[in-house]
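Read through the structure below, which is laid out as structure tokens, and then see the notes.
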Amino acid sequence: APSAVRTKKEIENLMATESKRPGPRDGETDANGENSRRRPRLHGDLLASSLLAFLRNWPAYGYQLVRELSKAGLPAFDSATVYRTLRQLERTGMVSSFWDTTESGPARRMYSLTKTGEAFLNLWLDVLSHYQNILQSTLSSYENLQKRGKSGGDRPATEEPRRMRGSKQGGRHACQR
């Protein structure tokens, strides 16, 4: 059985392994019957971290998590992928589950976040925050470049930057004038 708490290095290794999962196969359709290759899909680390984030707030059944993912407006996903991901998260010790038989009807599996899952989620949220900062900076730079090009700045936004002296492109003396 996996230990209740993993080291930061173990979690980082797990993140690296999880991110190498293959994408959707050709012809695979989402819950709406649309071809999954046409638009981004919710899978891999993004799906796992979304599930962990929902479980941070309260324990839930798989179908409740599927419903919450849909209500949150996340990219398309296949509900079977959600259940596979939950089982994988359980195998890696990030969530735990038990069969709930308190209500009438068939037993249902209730999932909850473990300390390992909390640590993984916190690390993943740090990674996402870092990427958000990078993307925001890139978008701001792009918008500034576009504004400068439209307002008649030094060079239009579509002009390529001048090659620096000693650039390997175009030969040794290509940039000397």
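Only heavy atoms go into these numbers, but all of them, side chains included; no hydrogens, no water, no symmetry mates.
For the residue pair Leu52 and Gly117, the shortest heavy atom distance occurs at CD1-O, 4.0 Å. Residues Ala107 and Trp99 share a closest heavy-atom pair of O-CZ3, 3.7 Å.
Rounding to the nearest 0.5 Å gives a distance of 12.0 Å between CE of Met94 and CG of Leu86. With rounding to the nearest 0.5 Å, the separation of CD in Gln132 from CG in Leu139 is 10.5 Å. Atom CG of Leu89 is separated from atom OG of Ser49 by 9.5 Å, given to the nearest 0.5 angstrom. Put simply, OG on Ser112 and CZ on Arg56 are 14.0 Å apart, with the number rounded to the nearest 0.5 Å. Separating the OG atom in Ser137 from the OH atom in Tyr142 is a distance of 15.0 Å, to the nearest 0.5 Å.
Linking Ile, Leu, Val, Met, Phe, Trp and Tyr residues whenever their side-chain heavy atoms come within less than 4.5 Å places Tyr131 and Trp124 in a single cluster. Hydrophobic clustering, with ILVMFWY side chains joined whenever heavy atoms are under 4.5 angstrom apart, groups Ile134 together with Leu128.
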Verdict with reasoning, Arg109 to Arg87, per side chain to side chain contact (heavy atoms under 4.5 Å, CB included): CA-CA 11 Å; Arg109 191 176 289 271; Arg87 299 302 292 157; 3.1 Å; yes
Could you go through Leu47 and Leu69, starting from their C-alpha distance and side-chain angles, then the distance that decides it, and tell me whether this counts as side chain to side chain contact (heavy atoms under 4.5 Å, CB included)? CA-CA 9 Å; Leu47 174 57; Leu69 290 169; 3.8 Å; yes
For Leu65 and Leu55, run side chain to side chain contact (heavy atoms under 4.5 Å, CB included): C-alpha distance rounded to whole Å, both residues' side-chain angles, the deciding distance at 0.1 Å, then the answer. CA-CA 8 Å; Leu65 294 166; Leu55 288 171; 4.1 Å; yes
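Scored by the side-chain contact (heavy atoms from CB on, under 4.5 Å) test, Arg108 finds Tyr61, Tyr63, Glu103 as partners (sequence neighbours excluded).
In this structure, a donor-acceptor pair under 3.5 Å is absent between the side chains of Thr114 and Ser96. Side-chain atoms of Arg67 and Gln64 form no donor-acceptor pair, as typed in the model, at a separation below 3.5 Å.
Remark: of the listed residues Val82, Leu121, Leu113, Val82 is the sole one forming a side-chain contact (heavy atoms from CB on, under 4.5 Å) with Leu51.
Side-chain atoms of Glu68 never come within 3.5 Å of backbone atoms of Phe54 as a donor-acceptor pair (strictly under, hydrogens ignored). A donor-acceptor pair is defined here as one N or O able to donate and one able to accept, closer than 3.5 Å; no such pair exists between the side chain of Ser129 and the backbone of Leu125. In terms of modelled atom types and a separation under 3.5 Å, the side chain of Ser140 and the main chain of Gln136 share a donor-acceptor contact. Looking at Ser70, its side chain does come within 3.5 Å of a backbone N or O of Val66 through a donor-acceptor pair.
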